[in-house]
Amino acid sequence: MAAVRLQSSIYDLDLPELTDWVTGWGEPAYRARQIWEGLYRHFYRSPEEFTSLPRSLRARLAEHLRFETLLPLKQLASSDGQTIKTLFQLHDDKAIEAVLMKYERRRTLCISTQAGCAMGCVFCATGQMGFKRHLSSGEIVAQVMYYARLLHQQNERVTNVVLMGMGEPFHNYENTMAAIDRLNHPEGYNFGARRFTLSTVGLAPLIRRFADEGRQANLAVSLHAVDDETRSQMMPINRKYPIAEVLDACRYYVAKTHRRISFEWALIHGVNDTPETAHKLAQLLKGLLCHVNAIPLNPTPNYRGRAADRQRAERFKNILEGAGIPCTIRMRRGIDIAAGCGQLAGQMIPSPAFA
Ligand code: SAH
Ligand code: SF4
């Protein structure tokens, strides 16, 4: 029992669980709230910083709970300084990445939900590396806390969190939702549920579950193709959940929540950026409360496709918009440091000193 308890990261606990620990040590329950505020409002990262707690309680915290959840190994900034990517080592030496993107007043974090990914999309660097493991809820939370602390030191705050880093959030459904709930807690970080966006490869049953749970986070679905043959070649999961099934689940989501859904579309020259494809996509999405986020493909080591150029991207967008489907072409960000969509693979190899 003691061995298991020693392993717990403090960020893995919700407030009732933390209260159990604290009362189990014979301390009053309000101490748990103080710790919670210290973690999520003051961004303390070691027991010594909790100076309003009795020394004995700080010692208990240090003895039983792990504060160091993620070890930042390396940080890279893009040439314009607006994108920062951090490589973190996990306690079992796996690695993940998270990215901060500054754009005007927005401070958007792109965080990971798994080390690697089991879905194997051929155009994605995370898919190309395969699945290592799920992240715990605390490991997801700790990515946000890391950047929240960093921004706090500059008198800034995180404005948006997108779960579009490494991994498939719906494959790690429970931990992902627990992390969102923890970050959303009103007495803690209190980050608005509507400022989260989740992107899924299209796990249809979980899109339905997400809708049934009435969650407020925004939903994005990676579509990328209009016919099953093309989509299955790009995204093997399409053999299990083909396009019609994914779109049925999306319609269910919109009917149930009345919320707009975003479709992600990585524009690949000659593969999915043609006028025929755009027309077919408009037909497929007709009548659905949605929006298409098109992004020219980012380069990855093991995929030969290339990005649609600006002209082809504009043509694609114009066809969709002409048919009444709103479409934005997203800027490519952080490409020089491989921090763009689909480029995260923990490839900033740890130096031997840390490994
Ligand atoms: N697993 C989830 C979320 C992480 S990927 C998902 O697949 O939706 C985030 C987004 O980046 C997805 O829309 C994904 O399709 C897209 N993406 C992956 N590789 C890309 C690449 N090389 N260029 C552009 N977008 C890519
Ligand atoms: Fe996984 Fe998403 Fe990459 Fe596909 S695109 S391999 S689901 S991270």
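Predicted, not measured: the structure shown is a model, and the values here were computed from it. Both ligands and their constituent atoms are indexed starting at 1 by order of listing. Sequential numbering from 1 along the given sequence is applied to the chain's residues.
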Asks: Can you name the atoms of ligand 1, numbered from 1 with element, that are less than 4.0 Å from a heavy atom of Glu264?
Replies: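 That gives atoms 13 (O) of ligand 1.
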Asks: For ligand 1, which atoms have a heavy atom of Gly167 less than 4.0 angstrom away?
Replies: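 Once the distances to Gly167 are compared, the set is 1 (N), 2 (C), 3 (C), 4 (C).
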Asks: To the closest 0.5 Å, what do you measure between CG (Asp336) and OG1 (Thr83)?
Replies: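 One gets 8.0 Å once the value is rounded to the nearest 0.5 Å.
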Asks: Any idea which part of Thr126 is under 4.0 Å from ligand 1, heavy-atom wise: side chain, backbone, both or neither?
Replies: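 Looking at Thr126 and ligand 1, no heavy atom falls under 4.0 Å.
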Asks: So, Arg231 and Asp228, do they make that salt bridge, N to O below 4.0 Å?
Replies: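 Between Asp228 and Arg231 there is no salt bridge, as every charged N stays at least 4.0 Å from the carboxylate O atoms.
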Asks: Would you mind running through ligand 1 and noting each atom that sits below 4.0 Å from a heavy atom of Gly165?
Replies: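 Counting from 1, the qualifying ligand atoms are 4 (C).
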Asks: Mark up the atoms of ligand 1 that fall under 4.0 Å of a heavy atom belonging to Ser222, in ascending order.
Replies: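 Taking each heavy atom of Ser222 in turn, ligand 1 has 6 (C), 7 (O), 8 (O), 12 (C), 13 (O), 14 (C), 15 (O) under 4.0 Å.
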Asks: Which other residues end up in the same hydrophobic cluster as Met164, if Ile, Leu, Val, Met, Phe, Trp and Tyr are linked when side-chain heavy atoms come under 4.5 Å apart?
Replies: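 Direct or chained contacts put Met164 with Val162.
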Asks: At a non-hydrogen distance cut-off of under 4.0 Å, which region of His224 contacts ligand 1 (side chain, backbone, both, or neither)?
Replies: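 The side chain, only.
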Asks: Going by an N to O cut-off under 4.0 Å, is there a salt bridge joining Lys317 and Glu321?
Replies: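 So Lys317 pairs with Glu321 through a salt bridge.
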Asks: For Thr200, take its heavy atoms, then give the atoms of ligand 1 lying under 4.0 Å from any of them.
Replies: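 Here the atoms of ligand 1 in question are 6 (C), 8 (O).
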Asks: Tell me whether Glu139 is salt-bridged to Arg133, with the criterion being a basic N under 4.0 Å from an acidic carboxylate O.
Replies: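 Looking at Glu139 and Arg133, the cut-off is met.
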Asks: Side chains of Asn190 and Tyr40: do they bring a donor and an acceptor to under 3.5 Å?
Replies: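 No, no side-chain donor-acceptor contact under 3.5 Å.
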Asks: Check the pair Glu168, Thr200 against side chain to side chain donor-acceptor pair (under 3.5 Å), reporting the backbone distance first and the verdict last.
Replies: CA-CA 6 Å; Glu168 165 53 37; Thr200 176; 2.7 Å; yes
Asks: If the cut-off is 4.0 Å to any non-hydrogen atom of Ser199, which atoms of ligand 1 fall inside it?
Replies: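 This gives 2 (C), 3 (C), 6 (C), 8 (O), 13 (O) as the contact atoms.
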Asks: Could you measure the distance from the CD1 atom of Ile84 to the CD1 atom of Ile337? Nearest 0.5 Å is fine.
Replies: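 It is 8.0 Å, given to the nearest 0.5 Å.
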Asks: Considering only the protein, which heavy-atom contact is closest to atom 25 (N) of ligand 1, and what is its distance?
Replies: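 The closest heavy atom on the protein side is Cys341 CB, 3.5 Å.
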Asks: For ligand 1, which atoms, with element, lie under 4.0 Å from some heavy atom of Thr300?
Replies: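 This gives 22 (N) as the contact atoms.
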Asks: Taking side-chain contact (heavy atoms from CB on, under 4.5 Å) as the test, write out the residues that go with Ala29, two or more places apart.
Replies: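 Scan of Ala29 (side-chain contact (heavy atoms from CB on, under 4.5 Å), adjacent residues dropped) gives Thr19, Thr23.
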Asks: Answer yes or no for Ala220: is there a heavy-atom contact with ligand 1 below 4.0 Å?
Replies: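 The answer is no: ligand 1 sits nowhere under 4.0 Å from a heavy atom of Ala220.
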Asks: Give a yes or no on whether the backbone of Leu13 and the side-chain of Arg182 come within a donor-acceptor separation of less than 3.5 Å.
Replies: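 Confirmed, Arg182 side chain pairs with Leu13 backbone.
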Asks: Any nitrogen or oxygen of Ile295, side chain or backbone, less than 3.5 Å from one on ligand 1?
Replies: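 So ligand 1 has no N or O lying under 3.5 Å from an N or O of Ile295.
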Asks: Tell me the contacting part of Asn298 for ligand 1: side chain, backbone, both, or neither, using a 4.0 Å heavy-atom threshold, strictly below.
Replies: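 Looking at Asn298 and ligand 1, atoms from backbone and side chain both fall under 4.0 Å.
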Asks: From the options Ala125, Ala118, Gly167, select the one whose nearest heavy atom is closest to atom 8 (S) of ligand 2.
Replies: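 That would be Gly167.
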Asks: Given Asp93 and Gln89, is the side chain to side chain donor-acceptor pair (under 3.5 Å) satisfied, shown in steps?
Replies: CA-CA 6 Å; Asp93 288 348; Gln89 184 178 305; 3.0 Å; yes
Asks: Donor-acceptor pair, distance only, cut-off 3.5 Å: does the side chain of Glu264 make one with the backbone of His224?
Replies: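 No, Glu264 side chain to His224 backbone: no donor-acceptor pair under 3.5 Å.
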Asks: Establish, yes or no, whether the cationic atom of Arg58 lies under 6.0 Å from the six-membered ring centre of Phe50 and within 45° of the ring axis.
Replies: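 No, Arg58 and Phe50 do not form such a contact.
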Asks: Quick one: CD1 on Ile111 to OG1 on Thr176, what's the gap to the nearest 0.5 Å?
Replies: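 That separation rounds to 8.0 Å.
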Asks: Counting heavy atoms only, which part of Glu168 comes closer than 4.0 Å to ligand 1: side chain, backbone, both or neither?
Replies: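 Contact part for Glu168 vs ligand 1: both backbone and side chain.
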Asks: Would you mind running through ligand 1 and noting each atom that sits below 4.0 Å from a heavy atom of Cys124?
Replies: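 It comes down to these atoms of ligand 1: 18 (C), 19 (N).
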Asks: What do you reckon, does Phe123 have a nitrogen or oxygen under 3.5 Å from a nitrogen or oxygen of ligand 1?
Replies: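 Yes; at least one N/O pair falls below 3.5 Å.
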Asks: Which protein non-hydrogen atom lies closest to atom 9 (C) of ligand 1, naming both residue and atom, and how far is it?
Replies: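 Ranking protein heavy atoms by distance from atom 9 (C) of ligand 1, first comes Met164 O, 3.6 Å.
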Asks: Quick one: nearest non-hydrogen protein atom to atom 19 (N) of ligand 1, plus distance?
Replies: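 For atom 19 (N) of ligand 1, the nearest protein heavy atom comes out as Gly342 CA, 3.1 Å.
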Asks: Keeping to distances under 2.8 Å, can you name the protein N/O/S atoms close to atom 4 (Fe) of ligand 2?
Replies: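 Protein N, O or S atoms closer than 2.8 Å to atom 4 (Fe) of ligand 2: Cys121 SG.
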Asks: Output all residues satisfying side-chain contact (heavy atoms from CB on, under 4.5 Å) with Glu37, sequence neighbours left out; order by chain, then residue number.
Replies: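 side-chain contact (heavy atoms from CB on, under 4.5 Å) list for Glu37, sorted by chain: Arg41.
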